[in-house]
Amino acid sequence: MIRPESYQILITPLHKRGVYDTPLELDFDQSDYINDSGVGVIRQEVDNGDFDFGTFTFGNIKIKGINVDGKFSSINDNPKTIFRWDRDLAKVQINYFDGETNTPSVRFNGFVNEEGTLQDFMTQEISFDVLARSSIFRKIKVTGGQISNNILFSNAINRLLNIPEITSILNYDPLNINLRYDDFLQDGSQFDDLPVIEALNLLLLASNSILVVDTNDVIHVRSRSENPVAHFFYGPGDYLGRENILSLKRFNDGLQRSFNSIVVNDAAVLDPGWIFEAKLRQKVIELPFITNPDIATNVATQLLYSFKHPKLETEIVVKTKDALAVNILDSVGIYYPKRVKPLRGKKMAIYGQRLYNDPDVPYPFTHDDMAIPDVVKFKVIGKVENLKDFTTTLKLRQAGERNATSGYFGYDTSYQLMNDDNYETMGGQIYQLMSAVS
Amino acid sequence: MALSGQVSFYEQCKNLIRNGASVVVTTGTDTANYILGTNKYLFWESVGSDDTITEEIEITFPIATEIDRIFLVEMNFKDFDVMYDVASVWTHFSGVVGLDGPLANITETVYARDTAYYEFTPVTTTKIRIRANTTQVVDAEKFLRQFIATVEIGTLEGYPDVTNRFERNARTIQAISGKKAIIKSYDILDKMAIKYKINPYQNDQDIVERLYDSDKPFIVWPCGGKFGADDGCPTVGTWFKIQQKGWALKDVFQVQTDGDLDSNFYNNIYKAGTEFSMDLAESID
């Protein structure tokens, strides 16, 4: 029998210090004891909010357990608890079943953070903070001398990540370190005693790269370039009824995340053309480990390439089933034409099928204020998976960098963005619909 | 099951373009894919056709598929036939029952309705071909809104209370003047409530429970093949006094169950039949 679409929450407690119970799925499936209104969202993002660029976030989640029988209590509070050693660092895995096979998809791996555990005596519920495994970066500091002087950024990142505290939890391979820009740092002592996460953020910024931990706990350090694999989503006006976008929101031109002047330490680079277009938008970054002004200039130049052009941004809400195969930085196309409706009893006017002024095909009604053609190439910069309603929000930014004509499928500069009533695209071919009569 | 005119249910269309089906037409290539979609407002239409020209529509399923029902929804064909592929040979369907009763195969010469429906002995095939020769209005361009090939889930034997509610997905915004901006959108079947006060048929109970269990959308045809209206004195051959939205032959909806299934025995008397209600709503997938 196929398990219906559902989530499964597995908790693997510690058997003794550092040793986990052997996971047997039926024994550790706690789904029946987790309040469905007490499960947060699984969030994964590569930038800091809407108004900045950053490096990565693999969010933590909260879960609320039904604790009427003391199942999730501390060992000191109730002998019936499943936590026979300690709640802290118990493993939590969230799986998703799509309702078509019995093979689960792992959506989240983390561990319980006892600091965030709260118990409600009235409702007999207990809420846990569950940290993503990547949050280990917050719990370790850089030791003195760990980062030497005059080494490459990639070398420094390797020294930060390739330590037992991290490799015992996450999967690390130096071959997965592929920086967008690599150069030499001068003063490694600037990293001493910093939390590893801060040190990583600085190095990732300097190298114009991001860090992603996938659902197999493999660390990837890479550029922001989009993956070639493309997924397509369709709006309600799709002519072929392929609608799978439940909602589209926060569409904007991306100006808030564009910077046409970057200052790294004292080295400033700017793009006069974009300053003229968009007025000065400057970001100042301090990277104390770089003392060579030429390297500072190169770092600033690389960041300017990536962020001087405003790129369209939007969020789409889709069924989690449809977003399962979509990963961070995958390419996404959105076909969101205006909804058109012929006059009652009349046919649609289609370019190439009918003549102008044919009385049988007057111009249709059109709804919606604008459309998005499928030639615009977006990339996924964030995923927010809602466990309660089986939907996922994909945060998208137009792909491409360096120039205004990248960021389109086929890289054909003849396509134009859809802010003009007269042009739509269907399968890559431009059709001219009759102008709307509303 | 013979065409009885009760509310009928079918599996999701087997030839949707979103699931990998494809179509080739003689003319009107730009609009051919609409036949495989679910947009109610878009039609395939021939280009430069008349009653001396046969338009062929060849539909390919994503995989070899078993079917036992087909719909041609909103079309103007008068003289046409439909065949299926057997090892690259176009073959007539057998055991055919249409809206007017049994037929030797799916071949019409004087068809006059806007929607056609046929039941037949189940076949497994990868291709279907439609040949449209003439139109109901002489020498008109041929058109077809949607072709549906499917398998029947079941037809109700009883006559439950059916309540349809359509909506235009309207958004109402009050402006500063106090007037309202009412922004209408696509017309959808927002709710089809099926309620049995006392259901005496195991068949109907089984159908409803199967629909409730279904994780995929399915098709509902409220009229079940009933047609004809006469607001005077309904004559033989007409089923309705007044034709209304939701009950026409062309009103075929892709729906899913929306909400709970109330399932009880009438007055708790186990021998008295079941009492249940179920809501359906038009769904995207």
Side-chain angles (χ1 to χ4, degrees), chain A residues 1-6 97-101 232-247 318-319 321-322 335 337-355 358 360-361 364-369 390 424 426-427 429-433 438, chain B residues 12-13 15-23 25 27-49 74 76 114 137 140-146 148 168-171 182-188 212-217 245 254 282-285:
Chain A
M1 186 170 163
I2 303 291
R3 179 171 174 149
E5 188 173 7
S6 54
F97 291 84
D98 64 8
E100 295 182 16
T101 73
F232 288 90
F233 296 94
Y234 303 91
D238 177 53
Y239 300 145
L240 301 177
R242 295 167 293 186
E243 178 185 6
N244 54 9
I245 294 176
L246 304 176
S247 125
V318 299
K319 293 198 284 189
K321 199 183 289 196
D322 293 336
Y335 182 53
K338 292 185 182 181
R339 283 170 281 188
V340 290
K341 183 169 176 282
L343 268 65
R344 186 184 172 92
K346 301 294 183 184
K347 300 285 184 301
M348 179 73 76
I350 297 290
Y351 187 72
Q353 292 260 134
R354 293 286 194 154
L355 298 175
D358 186 333
D360 285 339
V361 282
F365 291 108
T366 60
H367 305 274
D368 302 322
D369 50 357
F390 300 104
E424 295 252 4
M426 192 186 311
Q429 187 174 358
I430 294 181
Y431 286 75
Q432 182 176 17
L433 287 182
S438 55
Chain B
Q12 188 181 29
C13 174
N15 54 277
L16 290 174
I17 191 168
R18 70 185 302 160
N19 295 334
S22 61
V23 61
V25 294
T27 68
T29 309
D30 291 341
T31 56
N33 284 340
Y34 298 154
I35 296 172
L36 309 180
T38 55
N39 190 311
K40 292 187 187 100
Y41 305 104
L42 297 174
F43 292 68
W44 164 77
E45 198 172 19
S46 61
V47 177
S49 190
E74 280 198 271
N76 65 346
D114 67 359
V137 171
E141 293 289 359
K142 299 166 177 74
F143 64 79
L144 169 65
R145 171 161 73 79
Q146 187 184 11
I148 299 174
R168 288 291 308 276
N169 195 21
R171 320 292 159 97
I182 300 173
I183 305 157
K184 289 185 177 180
S185 184
Y186 283 160
D187 178 39
I188 58 163
Y212 174 73
D213 282 338
S214 171
D215 289 313
K216 290 268 183 202
K245 187 180 181 66
Q254 176 175 278
E282 199 165 355
S283 76
I284 58 172
D285 192 9

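Chain letters run A, B, ... following the sequence lines, proteins first and then strands; every chain starts at 1.
Closest heavy-atom contact between A:P236 and B:Y186: O-CE1, 3.4 Å. When all heavy atoms of A:L240 and B:Y34 are compared, the closest pair comes out as CD2-CD2, 3.6 Å.
Between the CZ atom in A:R242 and the CD1 atom in B:I284 there is a gap of 13.5 Å [rounded to 0.5 Å]. Here the straight-line distance linking atom CZ of A:R339 with atom CG of B:N39 works out to 11.5 Å at 0.5 Å rounding.
Residue B:K40: no heavy atom, backbone or side chain, is found under 4.5 Å from chain A. Only the side chain of B:N169 comes within less than 4.5 Å of a heavy atom of chain A; its backbone N, CA, C and O stay farther away. Using a 4.5 Å cut-off between heavy atoms, A:P4 does not touch chain B at all. For a residue to count as touching a neighbouring chain, one of its non-hydrogen atoms must lie under 4.5 Å from one of that chain's; by this rule A:D322 does not touch chain B. Interface remark: A:I2 contributes no atoms to any contact with chain B (heavy atom separation under 4.5 Å). Proximity to chain B is limited to the side chain of A:E100, based on heavy atoms less than 4.5 angstrom apart.
The pair A:E243-B:R18 does not meet the salt-bridge criterion, since no charged nitrogen lies less than 4.0 angstrom from a carboxylate oxygen.
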